A.B. asks: 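Right, I'll just put the structure down here and ask away after.
This structure is a prediction, so every number in the text was calculated from the model and none was measured. Basis for what follows: all heavy atoms, side chains included, without hydrogens, waters or symmetry-related copies. Lettering of chains follows the sequences in order, A, B, ..., and the numbering in each one begins at 1.
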Amino acid sequence: MFRLEARPQQSRAMMLATPVLAVIATMIGGAILFVLLGKDPVEAIRIIFIDPFFDPFSRSELLVKGAPLVLIAIGLSFGFRAGIWNIGAEGQFIMGAIAGSAVGLAFYGTAGLWLLPLMALAGMLGGAAYAMVPAILKVRFNANEILVSLMLVYVADQFLRAIVSGPLRNPQGFNFPESRLFHDSAVLPILFDGTRVHVGVLAALVAVIVAWFVMERHVIGYNVKLLGAAPRAAGFAGVKQKRLTVLCLAISGGLAGLAGMIEAAGPFGQLVPTLPQGYGFTAIIVAFLGRLNPFGILLAGLVMALTYIGGETAQFRLQLPAAAISTFQGMLLFFLLGFDLFVKYRVRWARKGVA
Amino acid sequence: MDLSSLDPIALIVSLVIAATPLVLAATGELLVEKSGVLNLGVEGMMVMGAIAGFIAAVETGTPFLGFLFAAIAGALLACVFGVLTQVFLSNQVATGLALTLFGLGLSALLGQSYTGMRPPQTERADIPVLSDLPVIGPVVFSYDWIVYFSLFLVLAVWFFLNKTRGGLVLRAVGESHDAAHALGYKVILIRLGAIAFGGACAGLGGAYLSLVRVPQWSEGMTAGIGWIALAIVVFASWKPGRVILGAWLFGGVTILQLNMQALNVPIRAEYLSMTPYLMTIIVLVIMSSDRRRAALNAPASLGRVFHASS
């Protein structure tokens, strides 16, 4: 049998290698799954993981789907590093979308360059305010932030349904539960003609760079990492644990809210009940796949966007249900977490009876 | 609004039925947490149980086999979690989340062709004389055998934890895995067993949803019930008897809001649908706010990674 020996320091090589290994293992696992489903595994893997790179429209869609994933995952990475588990990003995404859309619709028909920044601000505030619920309940009442933030996803989803069939319903929409199509000045400008790539992609890039700076060069990042690695030591070093908890949830909520606003004002151009597509949950995987490092998250976001786009193609080419993709995503996270062992431990083979 | 159309006996019966999946899943998770493991994948195991049970019941025509397969499916999925967290020493929170994502996806994939079907009916325990009694008959003796089984399960888990040597060992592992290891107990094996048992219970709870409570299969039909089961364990302060209380509380809220929707109360249906989730949050806050008491009942090693260095 084998035994595990703790490494004195985490292996850097393994840190970089394991996400790649996990993706490869997921492809193999996925191929087995397709065989069991009676589909051609080689074709399925090609459609999902390779074809999107050779189609110009799919390539641009990588950026469209990747932007919200990266934004949310960047925010989540702060909390995860500090040991604060906000898994309700989906709810904060929805609330940000509602807040941003409400501002956009309130100024319906008014032109002005100030409108989109105002909507983005509203989206961020909406998401951050919603994340304050688990934050305050955590620091004041010691309530588990995992369960509270998750429960709030279901609440937000119902709230979105209520709001698009109530206050924000399109007055000329024949009672359909949808908002009006946003006015031109409330729709994100397109960066490249013929694609859906919008300025939200730039926002995601900015977030990556700012997050790297804060995490690696600012005392906030240092405190976050310290709190996650050694909570007691952080306390002795004067890190205000409660304040940091609130800050981490505010950052992740704000960025998730911004992603929601970007999704509403970008690809959708209106508020609809089908707006949330699980980005808030997928972003958890993106954060781990990217090793909670901003640039890693950027790459991981593109990989996960790939599975979304490939999954859509596979839906009509192979009659796969949409849910096949979450099977993949869950599998990817399994492999990633399993391979993490090799980052922290060294595997020693030992003959029976020796150890 | 016409309240007289509400039949209190029917309300209590539907409350107990709504609470049963929660009783099953929360009791299983309670044992898992008592062994010091936090498995956040209850939702995923439940939904896998729901579809595995549904497929088995439809294909064989026997609800009993449905429940059996649901328990097996839940336990198998739990074993994935067990191997990752106990052998590969992965983070329990993240692994539990992965389990939920994976379970939701795989169940949707398996259940693609089963949407809209009706499962065979699960038999009710029809006890002569007793079931015909007025009031007591329908309220106490009118359920299917799974309801009685779930209550028996709570009793059995209570007995195991508090009155048997095995239960003592399991609790010791949950309080201090290092001490239990030093005493020669197989920490990893005990935890794997507890995790598999928790998975089987969650699977049964899921099958109860798809075979009795709804009864139908639809994608993601658990709709957060697995997460509520996790909250009920906190609510119950890790005491089996209180799990029933918590589950009935949530069953009551669910049934009440559904009835209010049916009665056309002048509140939007969406806002009424929020109430079980909001209720969960309120209960969590109340139960967690007294830090000293919350820490007293929670297993001390809950969620911590165990690695025997020698």
A.B. asks: Side chain from CB out, backbone as N, CA, C, O: work out which of these in Thr282(A) comes under 4.5 Å of a heavy atom of chain B, or both, or neither.
C.D. replies: neither
A.B. asks: Looking at Ala108(B), Ala231(B), Ala223(B), which makes the most heavy-atom pairs under 4.5 Å with chain A?
C.D. replies: Ala223(B)
A.B. asks: Is it the side chain or the backbone of Leu40(B) that comes within 4.5 Å of chain A heavy atoms, both, or neither?
C.D. replies: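 Just the side chain, heavy atoms under 4.5 Å.
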A.B. asks: So which part of Leu137(A) gets closer than 4.5 Å to some heavy atom of chain B, the side chain, the backbone, both or neither?
C.D. replies: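 Just its side chain gets close to chain B.
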A.B. asks: Quick one: which residues of residues 269-276 of chain B reach chain A at under 4.5 angstrom, heavy atoms only?
C.D. replies: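 The residues closer than 4.5 Å to chain A, in numerical order, are Glu270(B), Tyr271(B), Ser273(B), Met274(B).
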A.B. asks: Take Thr280(B) and Phe250(B), measure what side-chain contact (heavy atoms from CB on, under 4.5 Å) needs, and give me the verdict at the end.
C.D. replies: CA-CA 8 Å; Thr280(B) 309; Phe250(B) 285 95; 3.1 Å; yes
A.B. asks: Among Trp85(A), Phe334(A), Phe328(A), who wins on heavy-atom pairs under 4.5 Å with chain B?
C.D. replies: Phe334(A)
A.B. asks: Given that the side chain runs from C-beta out, which part of Phe288(A) has a heavy atom under 4.5 Å from chain B: side chain, backbone, both or neither?
C.D. replies: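 Only the side chain of Phe288(A) comes within 4.5 Å of chain B.
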A.B. asks: Check whether any side-chain heavy atom of Thr27(B) lies under 4.5 Å from a side-chain heavy atom of Val23(B), and answer yes or no.
C.D. replies: yes
A.B. asks: Restricting to ring pair (Phe, Tyr, Trp, His ring centres under 6.0 Å), what partner residues turn up for Phe78(A), sequence neighbours left out?
C.D. replies: none
A.B. asks: With side chains defined as the heavy atoms from C-beta onward, is the minimum distance between Asn144(A) and Ser288(B) less than 4.5 Å?
C.D. replies: no
A.B. asks: Mind listing the closest non-hydrogen atom pair of Val234(B) and Met287(B) along with its distance?
C.D. replies: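 Closest approach of Val234(B) to Met287(B): O-CB, 4.3 Å.
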A.B. asks: Could you check if a side-chain atom of Arg169(A) sits within less than 4.5 angstrom of a side-chain atom of Pro177(A), using non-hydrogen atoms only?
C.D. replies: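 A side-chain contact under 4.5 Å is absent here.
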A.B. asks: Which atoms of Ile146(A) are under 4.5 Å from chain B, going by heavy atoms: the side chain, the backbone, both sets, or neither?
C.D. replies: side chain
A.B. asks: Count the heavy-atom pairs under 4.5 Å between each of Thr85(B), Asn91(B), Leu110(B), Leu104(B) and chain A, then report the option with the highest count.
C.D. replies: Asn91(B)
A.B. asks: Name the region of Leu332(A), side chain, backbone, both or neither, that has any atom closer than 4.5 Å to a heavy atom of chain B.
C.D. replies: neither
A.B. asks: May I ask you to test the Ile87(A)-Val153(A) pair for a side-chain heavy-atom distance under 4.5 Å?
C.D. replies: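 No; the side chains remain at least 4.5 Å from each other.
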A.B. asks: Using side-chain heavy atoms (C-beta onward) and a distance below 4.5 Å, is Pro19(A) in contact with Leu336(A)?
C.D. replies: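 Result yes, sub-4.5 Å side-chain heavy-atom pair found.
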A.B. asks: Show every salt bridge (charged side-chain N to carboxylate O under 4.0 Å, His left out) that has at least one partner inside residues 331-345 of chain A, sequence neighbours left out.
C.D. replies: Arg291(A)-Asp340(A)
A.B. asks: Contact part of Gln92(B) toward chain A, heavy-atom cut-off under 4.5 Å: side chain, backbone, both or neither?
C.D. replies: neither
A.B. asks: Is it the side chain or the backbone of Thr95(B) that comes within 4.5 Å of chain A heavy atoms, both, or neither?
C.D. replies: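 Looking at Thr95(B), backbone and side chain both touch chain A.
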A.B. asks: If only side-chain N and O atoms count, and only distance matters, is there a donor-acceptor pair under 3.5 Å linking Glu43(B) with Thr100(B)?
C.D. replies: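 Side-chain D/A pair, Thr100(B) to Glu43(B): absent.
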A.B. asks: Answer yes or no: is there a side-chain heavy-atom contact under 4.5 Å between Ile228(B) and Met151(A)?
C.D. replies: yes
A.B. asks: For Gln92(A) and Asn86(A), test the side chains for any donor-to-acceptor distance below 3.5 angstrom and give the result as yes or no.
C.D. replies: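 Judged by distance alone, the side chains do pair up.
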A.B. asks: If you count every heavy atom of other residues, nucleotides or ligands that lies below 6.0 Å from Gln241(A) atom CD, does the total exceed 12?
C.D. replies: no
A.B. asks: Name the member of Phe281(A), Phe159(A), Phe342(A) that forms the most heavy-atom pairs with chain B at distances under 4.5 Å.
C.D. replies: Phe159(A)
A.B. asks: Using non-hydrogen atoms only, which part of Val285(B) is less than 4.5 Å away from chain A: side chain, backbone, both, or neither?
C.D. replies: both
A.B. asks: According to the interplanar angle, ranging from 0 to 90°, do the rings of Phe335(A) and Phe339(A) count as parallel (below 30°), tilted (30 to 60°) or perpendicular (above 60°)?
C.D. replies: parallel
A.B. asks: Any idea which of Gly330(A), Pro134(A), Ala156(A), Ala162(A) has the most non-hydrogen atom pairs under 4.5 angstrom with chain B?
C.D. replies: Ala162(A)
A.B. asks: With a 4.5 angstrom heavy-atom cut-off, which part of Tyr345(A) approaches chain B: side chain, backbone, both or neither?
C.D. replies: side chain
A.B. asks: Rounded to the nearest 0.5 Å, what's the gap from CD1 on Ile84(A) to OG on Ser252(A)? Could you check?
C.D. replies: 8.5 Å
A.B. asks: For a 4.5 angstrom cut-off between non-hydrogen side-chain atoms, does Phe69(B) reach Ile51(B)?
C.D. replies: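 Not touching, per the 4.5 Å side-chain cut-off.
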A.B. asks: Heavy atoms under 4.5 Å from chain A: which residues of residues 72-84 of chain B carry them?
C.D. replies: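 Within residues 72-84 of chain B, the residues that come under 4.5 Å of chain A (heavy atoms only) are Val80(B), Leu84(B).
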A.B. asks: Indicate yes or no: at least one non-hydrogen side-chain atom of Phe235(B) is less than 4.5 angstrom from one of Leu284(B).
C.D. replies: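 Counting from C-beta outward, Phe235(B) and Leu284(B) never come under 4.5 Å.
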